[in-house]
Protein chains: 2
Amino acid sequence: MSLPHAILTALIEADLTGYALAKQFDVSLGFFWQASHQQIYRELKRLHTQGQIAVQEVSQMGRPDKRVYSLTDTGRQALEDWVQAPTPRRNSKDELFIKLYNMGTVPLESMLRAIAERRQQHVSRLALYRKIEHRSYANPQTLSAHKKGVYLSLLAGIRQEEAALTWCEEALILLRA
Amino acid sequence: MSLPHAILTALIEADLTGYALAKQFDVSLGFFWQASHQQIYRELKRLHTQGQIAVQEVSQMGRPDKRVYSLTDTGRQALEDWVQAPTPRRNSKDELFIKLYNMGTVPLESMLRAIAERRQQHVSRLALYRKIEHRSYANPQTLSAHKKGVYLSLLAGIRQEEAALTWCEEALILLRA
DNA sequence: CGGTACATGTAATCTGTTACATGATTCA
DNA sequence: TGAATCATGTAACAGATTACATGTACCG
């Protein structure tokens, strides 16, 4: 039930097309909430009929016409209400852990491979997060309230990746012993 | 696409009813993969028509009749194949981070409340994991291969909760400064 | 007498994924 | 000439959530 709120959130900073929204959901906000363009276009229609966003059609030369969405007062209010409401915890799902419950029935090598592969993914992702951190959030205390929020999301990502990476190392050591 | 494999995995150790499976998905395996009883009963039917599990109907006195499911050789093989196949990473979704992107538009107090509440959830969950760890996995090196796998899942949960807890503390410090 | 455990389901809805569809422009 | 970017959509299907539905036995 939070894709609509993620969309409204992306529209706080700037008016965007569905296409541009889909790109946002590949980076930044997208590190913590993903959505395909199909989902986004579907949701934009819903939000529009509910009066939470407004559309402006823009004709372009040489490019397809586009529909630029912006927050309405209704939408802004709905978003604020949602932000202040309780925040349920999502259940995390990871196939890797189900696979671990199968240890003993498959060759150890295939488990080690899966963990080593996962380890590499965490290394890359962590490097990306750290790069963004150094580039844009070197002095957290001096940031505006809004940027502190964005920074804290990034920091959460960093802590998650570090923890996952630590676990991979520990798992490899235990299984190779 | 992994609920069926999670079910097959639970059936490795013991034959179970749909009801008992649903309970497993509240603890143990359920820490890493959740499913409601509705999903489970639906999936059991599917797995049965595919020949991956067998059923035995058991009449009981004073209690409803039950259907006890067990792995077939086909199911066991399908599970092994899946375990050795590549493991995609799930996208993590957390509303709390979308809310953080809204900082500056709502009272700081409500953010602090949300983070403090989340902090408390991590404290409880971590305590639970640690209790299980001390009770059943005090000496990881001495465990059987299968139990090492189960233990490593638990350890992953511990590392996740620790990281999340650390982040909560850091966030509260930055926002209160 | 009320709640919990046991035990299994259907129906409706919502969310997410995959596949299909179109079409111009820019860059290598 | 072929790939990538911009731009918006439909359709089908799969997966997850919520609500509804039934009925016994045991414990306090």
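Each chain gets a letter, A, B and so on, in the order its sequence line appears, and its residues count up from 1. Small disclaimer: the values here were computed from a predicted structure and weren't measured. Because only heavy atoms are used, hydrogens play no part in the values below, and waters and symmetry mates are left out as well, while side chains stay in.
- For dA16(D), one of the phosphate oxygens OP1 or OP2 lies less than 4.0 angstrom from a side-chain nitrogen or oxygen of Lys93(A).
- Side-chain rings of Phe97(B) and Phe31(A) stay apart, their centers remaining 6.0 Å or farther from each other.
- Side-chain contact check for Asp81(B) and Gln77(B): at least one donor-acceptor pair (N or O, by modelled atom type) lies under 3.5 Å.
- For Lys23(A) and dT5(D), the shortest distance from a side-chain N or O to OP1 or OP2 is not below 4.0 Å.
- Distance from the side chain of Gln39(A) is smallest for dT15(C) among the nucleotides dT8(D), dT15(C), dA16(D).
- Both Arg42(B) and Gly18(B) lie near DNA chain C, and the one whose nearest nucleotide falls closer to the 5' end is Gly18(B).
- Computed from coordinates, the Asn91(B) CG to dG16(C) P distance equals 9 Å when rounded to whole Å.
- Rounded to an integer number of Å, the gap from CZ of Phe25(A) to C1' of dT17(C) is 16 Å.
- Here the C1' atom of nucleotide dT17(D) and the CG atom of Leu3(A) are 16 Å apart, to the nearest Å.
- Using a 30° and 60° split on the angle between ring planes, Tyr69(A) and His48(A) fall in the perpendicular class, above 60°.
- Rounding to whole angstrom units, CZ of residue Arg46(B) and P of dA14(D) are separated by 8 Å.
- Outside the 6.0 Å centre-distance limit, the rings of Tyr101(A) and Trp33(B) are not counted as a close aromatic pair.
- Glu95(A) and Thr87(B) are not linked by any side-chain donor-acceptor pair at a separation below 3.5 angstrom, with hydrogens and angles left out of the test.
- Contact annotation: Lys66(B) side-chain N/O to dG9(C) OP1/OP2 distance is not under 4.0 Å.
- Projected onto DNA chain D by closest heavy-atom contact, Pro64(B) and Ser2(B) fall at different nucleotides, the more 5' of which corresponds to Ser2(B).
- Atom CH2 of Trp33(A) and atom P of dG16(C) are 6 Å apart (whole Å).
- Which of dT8(C), dC6(D), dA7(D) sits closest to the side chain of Thr17(B) comes down to dT8(C).
- For dG9(D), the OP1/OP2 oxygens have no side-chain nitrogen or oxygen of Tyr41(A) closer than 4.0 Å.
- The CD-P distance, from Gln60(A) to dT5(D), rounds to 17 Å in whole Å.
- Here the nucleotide nearest the side chain of Tyr19(B), chosen from dT8(D), dG23(D), dA5(C), is dA5(C).
- For Tyr69(A), whose side chain is taken as the heavy atoms from C-beta onward, the closest listed nucleotide among dA16(D), dG9(D), dA7(C) is dG9(D).
- If you take CG of Leu44(A) and P of dT10(D), they are 12 Å apart, rounded to a whole angstrom.
- Distance Gln38(B) CD to dA7(C) C1': 13 Å, rounded to the nearest Å.
- When the side-chain nitrogen and oxygen atoms of Lys45(A) are compared with OP1 and OP2 of dT10(D), one or more of them lie within a distance under 4.0 Å.
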